[in-house]
Amino acid sequence: MRVFVLVKHAPSPESTLRVGADGKSVDPVCLTYDINDWDKYAVEEAVRLKEKYGGEVVAVSVGVNCDATLKKCLAMGVDRAVKVPVEAGFDPYQTAEAIVDVLRGERFDIVISGFMSQDTNNALVGVLAAAMLDLPFATAVVELSVEGDEVRAVREIEGGYREEVFLQLPCLVTVQSGINEPRYVSIMGIKAARSKELREHVVKLRGPSVFVERIYVPPTRRAEILKGSMPEVAEKLVELIGSKGVI
Amino acid sequence: MRVFAVAEHRLGEINPVSLELLNFANKIKGDGTSEAVIVGDDVRALSSVLAGCADKVWALSGSQLEHYNPESHADVLLQLFEKEPPDLVLLGNTSQGCELAPLLAVRLRCPIVTDVVGASVEGGLIVSRYIYQGKLMVDLKLNRTPCVLTVRQGVFKEGIELRGEVTELRLTPSKPLRRRFSRIIEPEEGEIDVSKAEVIVAVGRGAAPSLKLAEKLASLLNGAVAGSRPVIDSGLLAKDRQVGISGKTVKPKVYLALGISGAFQHVMGMKDSELIIAVNKDPQAPIFNVAHYGVIADVQELLPKLLSKVEERRK
Ligand SMILES: Cc1cc2nc3c(=O)[nH]c(=O)nc-3n(C[C@H](O)[C@H](O)[C@H](O)COP(=O)(O)OP(=O)(O)OC[C@H]3O[C@@H](n4cnc5c(N)ncnc54)[C@H](O)[C@@H]3O)c2cc1C
Ligand SMILES: Nc1ncnc2c1ncn2[C@@H]1O[C@H](COP(=O)(O)O)[C@@H](O)[C@H]1O
């Protein structure tokens, strides 16, 4: 079984977020980057598939500075990594096209992506790639197994309900948080990663289909902020809660 | 503009987001039309609900369309769009919309933007959406049509009344399907139903270390402890305690959000609570946009004080 996993080196929403001087970007100085949260689950799931069925796991990342994230994947048990050194910016099409360019030259059974990027929150790249490659797919998967020449995927839908579907191989799934517990990177893993292949794959992007006009802080702010010392604030909270007749 | 809204239904009921899509369509169509599309094995009854908000309704029915499947649904939608070319295709930002929309966009070779919460059409189509889990917003310009958008639920609630004509088309997918629907799995029920609690103490990732104290507070207030998704994912609380779009929708008298950032997927499950109080150490946290009262503080510091004040008062 050969599994490809798509990972993004992404700024954390916990970073200090400041709008850039051009009003169209996020000030990069304050951003801290790591593997996109959802993609940790994707890597873990891919490595588990290999541990269960044998084969190879390959990580693909699009971005000029994604080496740290790819090395983390290698340390988690991924066998080799492909870096596409371009900055696709806001347009998910460009990222998907870059990934498709890598996948077209490879054989694979399953492609796993995260559900969405923690910075842009698009939830697009995985399905766009699947559509471009004409692969069957399922999103927000919380249970995954291989049964014969099919993948059984349980996908999360609204309100705590889930949907069970079967996909013919090869296919693509995007995984939802909670599907597994991503492993920590071990010292042994880091050592092993040093001898693994990390190759660059060069592509030419076709130009974006959406354009950033403006980035800004959302306008609304409803809450009345309670001020004072901790005991004062606690006292006010008790008043508020008490006003609903529940104490 | 000719704006198509792809409706959604489950267990014989229209998802309210479908009507919101039509409200959105009516707002931006200009001298064009708002047209609802619904796909299923027998969708005549549901079509009339949509007709009340649309200039036209397309009911695409067929025996192979009983269950939602992105492959069969996209296939028949594309058959329609071939004959009736859209300028804009709208879908809900839902578990179905997130699959169908990008598939349609690739097949229509057009730009796509997800989770849209606002739009203007003067000087080209510009749409607004949140990024960084609600902490920032971006306006995006789309330079060509058609475009595909998914629209956040709960935003476009106001609309006009129309009386669209329903056209039924019987269609079958043109290709064999490679994804097969098997079944819907019901949520597991736990010992208590948080949606019935009058007081909810909700624990987010930022309050996970204070879970024990939160439980104590909840029991003092005769309420229940609930959690945001990361707290449930990490196994600290049972699945049925999750509040949000993929968990429960709650409307307690008091909702105390501790260390919860306020991502929309969480907010959708609790925004209609009578009194919402948020405690978060980050003044930028989007939870303060839905809370009635906010405290900018460390939960670990505030919670013991709050507990002792509640205990005092109960004496
Ligand atoms: C399809 C889909 C469905 C989803 N469904 C749900 C759902 O049903 N329910 C749900 O909750 N989420 C859901 N999510 C996840 C959602 O997007 C957010 O990731 C999640 O709600 C974040 O949880 P959180 O606020 O606890 O954690 P975080 O976003 O990590 O926020 C933690 C917060 O705690 C604050 N904090 C940290 N330490 C402290 C401290 N000591 N004192 C005070 N504050 C502190 C931080 O400032 C931060 O604001 C879904 C996501 C997707 C994509
Ligand atoms: N630059 C990238 N490189 C590799 N994979 C990516 C990249 N951006 C997004 N992805 C994958 O696509 C998923 C959805 O991302 P998005 O569409 O940006 O929300 C992520 O969880 C990743 O698995």
Side-chain angles (χ1 to χ4, degrees), chain A residues 13 17 19 26 90 93 118-124 127-128 131-132 136-140 154-168 171 177-178 209-218 220-226 230-231 233-235 237-238 240-242 244 246-247, chain B residues 71 94-95 98-99 102-103 106 111-115 126 130-133 135-143 178-187 198-199 221 229 233 245-248 253-254 274-275 277-278 288-297 301-302 305-306 309-310 313-314:
Chain A
L17 297 174
V19 177
V26 182
F90 215 94
Y93 260 105
Q118 61 194 17
D119 54 345
T120 61
N121 304 159
N122 284 325
L124 280 174
V127 182
L128 290 176
M132 290 171 188
F137 67 92
T139 64
V154 175
R155 56 186 300 266
E156 192 173 83
I157 55 179
E158 283 77 11
Y161 287 83
R162 287 168 301 150
E163 179 191 14
E164 183 186 62
V165 300
F166 288 86
L167 304 169
Q168 279 173 24
C171 64
S177 66
S209 62
V210 296
F211 303 85
V212 175
E213 283 277 303
R214 193 158 79 94
I215 288 185
Y216 50 103
V217 176
T220 53
R221 183 144 303 257
R222 179 163 99 165
E224 181 184 328
I225 302 295
L226 304 179
M230 274 301 158
V233 169
E235 188 65 48
L237 286 181
V238 173
L240 284 169
I241 298 169
K244 288 284 165 188
V246 293
I247 302 189
Chain B
E71 293 181 348
T94 58
S95 62
C98 288
E99 292 197 322
L103 181 53
V106 169
I112 175 166
V113 179
T114 54
D115 200 15
I126 293 178
Y130 290 92
I131 51 175
Y132 288 90
Q133 306 273 68
K135 285 189 168 180
L136 291 176
M137 286 197 92
V138 62
D139 288 353
L140 292 167
K141 186 163 188 160
L142 294 144
N143 278 1
R178 295 158 308 166
R179 165 163 153 176
R180 178 160 64 81
F181 169 82
S182 162
R183 64 191 170 117
I184 298 286
I185 303 164
E186 306 246 335
E198 288 201 334
V199 177
L221 297 170
R229 179 166 194 127
D233 282 346
I245 47 167
S246 50
K248 294 226 157 119
K253 285 189 174 156
V254 180
E274 274 181 45
L275 174 65
I277 301 168
F288 293 126
N289 299 338
V290 273
H292 301 99
Y293 294 92
V295 182
I296 299 165
E301 276 177 45
L302 181 69
K305 308 261 179 341
L306 183 56
K309 294 276 178 199
V310 172
R313 175 145 173 166
R314 278 168 55 99

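Just so we're on the same page: letters track the sequence lines, and every chain starts at 1. It should be emphasised that the depicted structure is a prediction, and the values quoted were computed from it without experimental measurement.
The part of A:Gln118 that comes within reach of chain B is its backbone (N, CA, C, O), which places non-hydrogen atoms under 4.5 angstrom from that chain. When heavy atoms are compared at a cutoff of 4.5 Å, B:Leu306 approaches chain A by way of both its backbone and its side chain. The part of A:Tyr93 that comes within reach of chain B is its side chain, from C-beta onward, which places non-hydrogen atoms under 4.5 angstrom from that chain. For A:Phe90, the part lying near chain B is the side chain, with the backbone staying farther off; criterion is any non-hydrogen pair under 4.5 Å. Using a 4.5 Å cut-off between heavy atoms, B:Lys309 touches chain A through backbone and side chain atoms alike.
Closest of all the heavy-atom pairs between A:Gly160 and B:Pro187 is O-CB, 3.5 Å. In plain terms, the two heavy atoms of B:Tyr132 and A:Val26 that are nearest each other are CE1-CG2, 3.8 Å. Between A:Val210 and B:Pro111, the closest heavy-atom pair is CG1-CB, 4.2 Å. The nearest pair of heavy atoms linking A:Met230 to B:Ala297 is CE-CB, 3.6 Å. Contact detail for A:Thr139 and B:Glu99: the closest heavy-atom pair is N-OE2, 2.8 Å. What you find for B:Arg313 and A:Gly242 is that their closest heavy atoms are NH2-CA, 4.0 Å.
In this structure, CD1 in A:Ile225 is found 4.5 Å from CZ in B:Phe288, a value given to the nearest 0.5 Å. Rounding to the nearest 0.5 Å gives a distance of 11.0 Å between CZ of A:Arg222 and OH of B:Tyr293.
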B:Ile184 and A:Ile157: CA distance, side-chain angles, deciding distance, side chain to side chain contact (heavy atoms under 4.5 Å, CB included) verdict: CA-CA 9 Å; B:Ile184 298 286; A:Ile157 55 179; 3.9 Å; yes
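Looking at A:Ile215 and B:Ile131, their side chains come closer than 4.5 Å, going by heavy atoms from C-beta outward.
With chain A as the partner, the residue from B:Glu274, B:Lys248, B:Glu198 showing the most heavy-atom pairs under 4.5 Å is B:Glu274.
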